[in-house]
Amino acid sequence: MQYNSEQREAILHFEGPAMILAGPGSGKTAVITGRISYLIQFRKIPPSQILVITYTRAAAEEMKTRFLAQSGPEGRAVTFGTFHAVFNRILHLSQGTQKRKVISAARRRQWLKEMLAEEQREESPEMLAALAEELLAYKSSGRDLLKYSARSCQPALFRRLFEAYTRRLREEGLMDFEDMLRECLLLFAERPAVLARWQQHFTHILIDEFQDINPLQYELVRALAGMRKNLFIVGDDDQSVYRFRGAQPEIMLRFPADYPDCRILQLSVCYRCPSAVLAAAGRLIAHNKKRYEKELLSFRTSGGAPEIHAFEDRREEQEALLKELRQEIRAGTAPGRMAVLCRTQFGLRLAAALLYRAELPFTLRGAEEEEGDHWIVRDIFAYLRAGAGSRSREDWLRIINKPLRYIPRKAFPEETVNIASLQAFVHRMPALERRTEELLFDLAVIGKLRPYAAIEYIRKEIGYEKMLKEYAAERGESAENYLNVLNELQEESADFSTAAQWERSRALLREIRQREPSEESGRGILLTTMHGAKGLEFDAVFLPDVNEGVIPHGKSTSAADREEERRLFYVALTRTRRRLWIGFVSRRRGQRLEPSRFLREMSDGKRRAEKKESDG
């Protein structure tokens, strides 16, 4: 294989620590596999003494496959694995006893659902996912629980949930991956001979995607590297986008301080992106303050500058997006070599619905596992179904006291609601009878409206929005999160004439999300989140909805949050090999919207840098 001078210099590094700053599309996997071959063939390092750590099983398998293709059978003794797989094996072999089982993600979610119910809190898939991620991220952070400021819920609630979760793990003899890593670190501290044996076993350690490391993982790696310090870390601090999972790009930034004798090498040639796209991405990321300065060069002379389009509203944007996708296909671009990248799960759902209705082939990747809808979504659809004539007791029980009407559950003794029986039940109670008749009137109105107008009626006339604000205030929370769910749901409803049609569409998309990937699915346009696109590349990339509040996300209130959002957008920009299409809208639900500040930074970053230099 041919390597450029920077790649060769990295591959030929032998002993001691080295940090390889690998820009997007710069061939980092080729460098890692090339270095392993160099160590074995020219430095005569036994393959069994080489450890390669990645962040996903898929990445470990891919790297192993690529390495074996160039090395042959003699390379099979090299260890490739994730942090969890590698250190779980070390723990098991060192202790020689049956270890506690690791809790599954599904079981953790079920526990959290039960704990939230005990707290008398409504749960949602989004909240469960955020809580589960933050529980594990907190465990790896080593921070004081009393001083920890939770992001997924109120700090006091997070502390109670964390303590309950930890207690239940102990009671049921289970552990999670972070417990396992911590136990391995404790083993190294308490049994130096065990640590020395593993240090002798793995004399050369290579770590991919080092920017995603967390403090606990870093402690283990440092312990295993020991006095040899043969750490070969590869990553790009500008592509660190998993802080919400506990990753700390600051670890990569301070690596030279921890290892003063480390070599810092850069892979600056990008073999993926057109030069104009790479330049725009460079101007964007230069606005981040906590980063290594880099100058990236594009190997590609073909491909144009980023195409940025303003649209009046989302409908206009979606029509333009469909037109561009169809034109690409007609021009000969295979659908599987195109991607639509969205910042949010909501954007992903809208894009999937759009392509489904247009009968364009697509693959949905990176969507959150859904065990059901947000409770607000369930409430709204119960209202819509009841308005359309549903007599399901489940639907009616969801809505009778949202907002509070004091209608008792015992007014619905059967699985099928009988309106005459309900009216007879409340007949001798004037106030309750009045509120019940108001509910029946409201449902009759809802039944005559299109979904968008029906939701507006539920929000304003029935008072559901006011109820959400009161619900948030009682818990000391911001109502914004709840209102965002409602806003997004209402916006999604605009494309449908009936609630039944809308529900069928959502059910079909849920089915698509749950399908197993197949060879056929890889031939469709990839729809994924910006997070899900990390590590991938495409001929044409489409980024819709690039507005303030979406990217950077409205929840990104701190400087650190905004820097991470900028890194995420940088990742999205640098996925393309040829074409980059960006859209933003000017209006949504009657409100004016601003284009993302990142679009301005893509163009004015160079001028700002030049001005700063001249001012200096």
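Note that the structure is predicted; figures quoted are calculated from it, not measured.
A distance-only check finds no donor-acceptor pair linking the side chain of Y259 to the backbone of A18 [under 3.5 Å]. The backbone N or O of R108 lies less than 3.5 Å from no partner atom in the side chain of Y165, so there is not a single donor-acceptor pair. Between the side chain of N88 and the backbone N or O of H84, no donor-acceptor pair lies under 3.5 Å. A distance-only check finds a donor-acceptor pair linking the side chain of D179 to the backbone of D176 [under 3.5 Å]. Remark: the backbone N or O of K139 is paired with a side-chain donor or acceptor of R182 at under 3.5 angstrom. E6 places a side-chain N or O within donor-acceptor distance of the main-chain N or O of S268, the cut-off being under 3.5 Å.
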- Message: As a quick check of understanding, evaluate side chain to side chain contact (heavy atoms under 4.5 Å, CB included) for R245 and L136, giving each step before the final call.
- Response: CA-CA 7 Å; R245 292 181 183 171; L136 300 184; over 6 Å; no
- Message: Let's go through D208 and K28 carefully: what are the C-alpha distance in whole Å and the side-chain angles of both, what is the deciding distance for salt bridge (charged side-chain N to carboxylate O under 4.0 Å, His left out) to 0.1 Å, and is it a yes or a no?
- Response: CA-CA 8 Å; D208 189 22; K28 67 181 180 63; 3.0 Å; yes
- Task: Carefully, step by step, assess I551 and E565 under the rule side chain to side chain contact (heavy atoms under 4.5 Å, CB included).
- Result: CA-CA 7 Å; I551 178 81; E565 290 286 299; 3.4 Å; yes
- Report the C-alpha separation of E134 and R151 in whole Å, then their side-chain angles, then the decisive distance to 0.1 Å, and conclude whether the salt bridge (charged side-chain N to carboxylate O under 4.0 Å, His left out) test is met. CA-CA 8 Å; E134 189 161 24; R151 296 161 60 91; 5.6 Å; no
- L220/F83 under side chain to side chain contact (heavy atoms under 4.5 Å, CB included): CA gap, chis, key distance, verdict: CA-CA 9 Å; L220 280 165; F83 276 97; 5.9 Å; no
- Decide yes or no on side-chain hydrogen bond (donor to acceptor under 3.5 Å, both in side chains) for Q490 and E488, but give the supporting numbers first. CA-CA 5 Å; Q490 186 170 12; E488 290 180 352; over 6 Å; no
- Query: Which is it for R587 and E594 under the salt bridge (charged side-chain N to carboxylate O under 4.0 Å, His left out) test, yes or no, and what are the steps along the way?
  - Reply: CA-CA 8 Å; R587 187 180 298 274; E594 295 295 323; over 6 Å; no
- Query: Between Q248 and Y218, is a side-chain hydrogen bond (donor to acceptor under 3.5 Å, both in side chains) present by the stated rule, with each step listed?
  - Reply: CA-CA 10 Å; Q248 291 189 9; Y218 187 48; over 6 Å; no
- Check step by step if salt bridge (charged side-chain N to carboxylate O under 4.0 Å, His left out) holds for R567 and D236. CA-CA 10 Å; R567 291 193 294 268; D236 182 5; over 6 Å; no
- Task: Apply side-chain hydrogen bond (donor to acceptor under 3.5 Å, both in side chains) to the pair Y570 and N288, showing each step before the final yes or no.
- Result: CA-CA 11 Å; Y570 176 80; N288 273 5; over 6 Å; no
- Task: Please step through side chain to side chain contact (heavy atoms under 4.5 Å, CB included) for the pair D561 and K555, ending with a clear verdict.
- Result: CA-CA 8 Å; D561 288 338; K555 294 181 181 178; over 6 Å; no
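Residues I582 and L573 form a side-chain contact, since some pair of their non-hydrogen atoms from C-beta on lies under 4.5 Å apart. Between Y242 and E209, every side-chain heavy-atom pair lies at or beyond the 4.5 Å cut-off. A heavy-atom distance below 4.5 Å is not found between the side chains of M530 and V241. The shortest distance between side-chain heavy atoms of F569 and E601 does not fall below 4.5 Å. Looking at heavy atoms from C-beta onward, D545 lies out of side-chain contact with R343 at the 4.5 angstrom threshold. Side-chain contact check for P274 versus T576: some heavy-atom pair is nearer than 4.5 Å. L206 is not listed as a side-chain neighbour of V234, based on a closest heavy-atom distance of 4.5 Å or more. Inter-residue side-chain proximity for S140 and Q217 is flagged as unmet; no heavy-atom pair is nearer than 4.5 Å.
Evaluation of the side chain to side chain contact (heavy atoms under 4.5 Å, CB included) rule for S298 yields S275, L278, R300 as partners, not counting sequence neighbours.
Ionic pairing of E563 and K290 is not present here: no N-O contact between side-chain nitrogen and carboxylate oxygen is shorter than 4.0 angstrom. Using a 4.0 Å cut-off between a side-chain N of Lys or Arg and a carboxylate O of Asp or Glu, E564 and R562 do not qualify as a salt bridge. Residues E465 and K469 are paired through a salt bridge, judged by an N-O separation under 4.0 Å between the basic side chain and the carboxylate.
Atoms CG and CD, on L161 and E118 in that order, are 9.5 Å from each other to the nearest 0.5 Å. W111 contributes atom CH2, which lies 14.5 Å from atom CG of L116 (distance to the nearest 0.5 angstrom). One finds the CD atom of E119 at 9.5 Å from the CD atom of Q154 (value rounded to the nearest 0.5 Å). Of the inter-residue distances, the one linking C153 atom SG with E477 atom CD reads 8.0 Å to the nearest 0.5 angstrom. Expressed to the nearest 0.5 Å, how far CG of L21 lies from CG of L296 amounts to 10.0 Å. Within the model, atoms OG1 of T574 and CG of L284 stand 10.0 Å from one another, a figure rounded to the nearest 0.5 Å.
At least one test fails for R314 against the ring of F311: distance under 6.0 Å to the centre or angle within 45° of the axis. Under a cutoff of 6.0 Å and an axis angle of 45°, R35 and F232 form a cation-pi pair.
The heavy-atom pair separating L543 from A572 by the smallest distance is CD2-CB, 4.1 Å. Across G347 and T344, no two heavy atoms sit closer than the pair N-OG1, 3.0 Å. In this structure, Y292 and K294 approach most closely via the heavy-atom pair O-NZ, 3.0 Å.
Residue pairs that meet the salt bridge (Lys or Arg N to Asp or Glu O under 4.0 Å) test with at least one member in residues 263-275, sequence neighbours left out, are E9-R263, R272-E537.
Here the two rings, on F255 and F210, have centers that are under 6.0 Å apart.
Heavy atoms from other residues, nucleotides or ligands lying under 6.0 Å from CD of Q120 number 12 at most.
The aromatic rings of F542 and W581 sit tilted, their planes meeting at an angle between 30° and 60°.
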